[in-house]
Amino acid sequence: MQFSVKTGDPAQLRSACLLAGVFEGGKLAASANALDRASGGYLAKITRGGALEGRSGQTLLLFQVPGITTACVLLVGLGAEKDFNLRAYRKSVYKAVRALNDSGIKEAVSTLTLLAVRDTDAYQRTRHAVEAAEDASYRFDDCKSKPENHKPTLQKLMLLAANREDMRAAERGMRDGAAIAAGVGLAKDLGNLPPNICTPTYLANAAHKLGKGGKLKVTVLEAAQMKKLGMGALLAVSRGSRQPPKLITMEYRGGARDAKPQVLVGKGITFDSGGISIKPSAAMDEMKFDMCGAASVFGTLKAVMQMELKINLVGVVPSSENLPDGNAVKPADIVKTMSGQTVEILNTDAEGRLILCDALTYAKRFKPAAIVDMATLTGACVIALGNVVSGLLGNDASLVKELWDAGEKAGDRAWQLPLYEDYQDGLKSNFADFANVAGREGGAITAACYLSRFTKDMRWAHLDIAGTAWKSGAEKGATGRPVPLLVQYLLDRA
Ligand code: BES
Ligand code: MN
Ligand code: ZN
């Protein structure tokens, strides 16, 4: 989609459609008052008449509005005025763009960017408008035989700014929003691809593609090199698969030569059957999304490259399938990790932590300023937090706070779970240094406890995105989370 920022009288702008907000109770938003005056009070008459109550996400398309140069006006419900926050704002833009696409409209002007949204400025309103509009227009039809039937129609969206000064902030917001949306789009695409296409080898190729143009240094380790490095846990997971595992590293150097990099590590299980500890078959298809942590590394790098952020950033993606086979790792197998610590694999379905632990040990060589891993790690996290927030745990309070704040600003929230010593006990093993699973209780926490044993000497945090990286049901698909959180975190460090 093409975006632009404009100031001036919206009633005079030439476009196909104008977006105007309506609060609950049918009250036109102040930003739409000028339009209402131009229409001789026509708009207010419609909303006062009860045609649109202003419930959040409601839309009403009006044609031939008197005094307005555009062909139509789309009224957009905003919900209660006193509760109008970033979330409600994003929803209103999202629903408006969905309605425009449903109506076959190609271009529009939005006055919604002029709304007063709690704790936001023109930069944020414009940025979030771009992100929400791209989200609403996203389609994944690479695998459909007739993609043209599903194309969104909206191609141009003009975003209004109140004055010259806001316009400069809005233009920055537009650029950052487009970069974040591009990153989110890449993460969604990779997540949505079927697992017969999106294999570890496919991800390695995707890394080379992302690095084209020389902005990234891409390295891919093969099984033989993993063996040399002693990555017994990562290799154990891949044993049941015919697809070779890959350890992908992407280095972006936008900062000072000697500045320590931020390191992102993403779980890249391209299909998780559970292995010998096989999963029930219901909804097993969704385990193609088990590489969404990896996808968020790709997406974040894409956004950061597009923004040309002045930071150093390294992405590390351990990737494998998890399948049962005569050669697969078995419950009770003991392997040696790259850290030297041994693990008793009591459950082959707790494979994420196994590939991550070796990747985390490997990542130390980059001397990270901080290391953050993203993983669709536990069903327990979904039970604890649902699909609203990602689980956030870490060994450094300031890092956790920085990520929490970033999630809040980006509209991509995370919520902290405790990582107290007490939870470590469950990982005891009679035969190895520790086991890869504890009991069912507090599963998201004990998984993080396992990871914490490989990050002792680093500032480290972990995002469990099992509940947030994709949606189930009629709208099944990858969400691109937590790319917005991660990009915000990096923006705040740049
Ligand atoms: N990829 C799954 C986690 C998952 C499950 C994400 C359901 C989203 C929905 C992970 O590899 C896994 O299987 N975890 C196990 C851990 C258990 C064996 C300790 C789980 O959550 O059941
Ligand atoms: Mn699993
Ligand atoms: Zn998994």
Side-chain angles (χ1 to χ4, degrees), residues 190-191 193-205 220-248 265-295 316-339 341-362 373 375-379 429 431-432 434-437 443 447 450-451 454 466:
L190 291 172
L193 279 168
N196 58 328
I197 294 176
C198 185
T199 59
T201 303
Y202 183 95
L203 287 181
N205 291 335
V220 178
L221 297 190
E222 308 291 334
Q225 293 155 293
M226 295 175 200
K227 201 166 169 197
K228 265 195 202 138
L229 288 165
M231 298 182 165
L234 171 49
L235 285 167
V237 174
S238 75
R239 285 180 52 164
S241 167
R242 307 284 171 98
Q243 294 291 335
K246 306 278 172 182
L247 184 78
I248 306 159
V265 179
K267 172 178 174 183
I269 294 290
T270 59
F271 190 76
D272 180 13
S273 72
I276 298 296
S277 314
I278 198 159
K279 288 181 180 295
S281 52
M284 203 201 269
D285 66 288
E286 297 194 359
M287 283 301 122
K288 74 169 183 176
F289 294 119
D290 213 16
M291 35 58 68
C292 283
V316 179
V317 170
S319 185
S320 172
E321 287 182 329
N322 186 25
L323 291 175
D325 178 82
N327 195 40
V329 67
K330 303 172 291 299
D333 280 2
I334 294 179
V335 299
K336 191 174 204 153
T337 64
M338 186 182 174
S339 73
Q341 303 176 100
T342 60
V343 184
E344 184 181 18
I345 299 177
L346 288 176
N347 189 324
T348 66
D349 199 10
E351 84 298 338
R353 61 197 80 181
L354 293 172
I355 67 166
L356 286 170
C357 73
D358 281 339
L360 288 167
T361 304
Y362 180 76
D373 78 74
T376 47
L377 203 60
T378 65
S429 162
F431 306 107
F434 44 88
N436 75 327
V437 289
Y450 175 92
L451 296 176
F454 300 85

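Owing to the predicted nature of the structure, the values given are computational and were not obtained by experimental measurement.
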- Message: For a quick test of reading the model, state the closest non-hydrogen atom pair linking T270 to P195 and the distance between them.
- Response: O-CB, 3.5 Å
- Query: Can you tell me how far the CD1 atom of I269 sits from the CD1 atom of I355, to the nearest 0.5 Å?
  - Reply: 3.5 Å
- Within a strict 4.5 Å, meaning less than it, do heavy atoms of the N347 and P331 side chains meet? no
- Any side-chain heavy atom of P318 sitting closer than 4.5 Å to one from V265? yes
- Item | Straight-line distance of I345 CD1 to D333 CG, nearest 0.5 Å | 6.0 Å
- Under the salt bridge (charged side-chain N to carboxylate O under 4.0 Å, His left out) rule, what do E351 and K267 come out as? Steps first, then yes or no, please. CA-CA 10 Å; E351 84 298 338; K267 172 178 174 183; 3.1 Å; yes
- Query: Quick one: are S273 and M284 in side-chain contact, heavy atoms under 4.5 Å?
  - Reply: yes
- What pair of heavy atoms forms the shortest contact from S241 to E321, and how long is it? OG-OE1, 2.7 Å
- Message: Is it the case that atom CZ in F271 sees more than 12 heavy atoms from other parts of the structure closer than 6.0 Å?
- Response: yes
- Which distance, rounded to the nearest 0.5 Å, do you find between the NZ of K288 and the CG of L190? 11.5 Å
- Message: Please find the pair of heavy atoms, one from L354 and one from N436, that lie closest to each other, and give the distance.
- Response: CD1-ND2, 3.9 Å
- Message: Between V316 and L247, does the side chain to side chain contact (heavy atoms under 4.5 Å, CB included) criterion hold? Intermediate values first, please.
- Response: CA-CA 7 Å; V316 179; L247 184 78; 4.2 Å; yes
- Taking every heavy atom of V335 against every heavy atom of G232, the minimum-distance pair comes out as CB-O, 3.9 Å
- Item | Gap between atom CZ of R242 and atom CG of L323 - 0.5 Å precision | 9.5 Å
- Could you list the residues that satisfy salt bridge (Lys or Arg N to Asp or Glu O under 4.0 Å) with D272, not counting sequence neighbours? K279
- Message: Could you work out, with side chain to side chain donor-acceptor pair (under 3.5 Å) as the rule, every residue matching T361, not counting sequence neighbours?
- Response: none
- Check for a donor-acceptor pair, side chain of T348 on one end and backbone N or O of K330 on the other, with a separation under 3.5 Å. no
- Query: If you take all heavy atoms of M226 and L221, which pair is closest and at what distance?
  - Reply: CE-O, 3.4 Å
- Message: Strictly distance-based, threshold 3.5 Å: is any side-chain N or O of R353 a donor or acceptor partner for the main-chain N or O of L451?
- Response: no
- Under the 3.5 angstrom rule, does the side chain of S277 hit a backbone N or O of G274 as a donor-acceptor pair? no
- Message: Quick check for you: to the nearest 0.5 Å, what is the distance between I278 atom CD1 and I276 atom CD1?
- Response: 7.5 Å
- Task: Please check if the side chain of D358 supplies one atom and the backbone of A233 the other of a donor-acceptor pair under 3.5 Å.
- Result: yes
- From L235 CG over to T337 OG1, what is the distance, rounded to the nearest 0.5 angstrom? 12.0 Å
- Item | Considering all heavy atoms, the nearest K246-P200 contact | CG-O, 3.5 Å
- Would you indicate whether the side-chain heavy atoms of T376 and F289 approach each other to under 4.5 Å? no
- Message: If the condition is ring-ring contact (aromatic ring centres under 6.0 Å, His included), which residues does F434 pass it with, not counting sequence neighbours?
- Response: Y450, F454
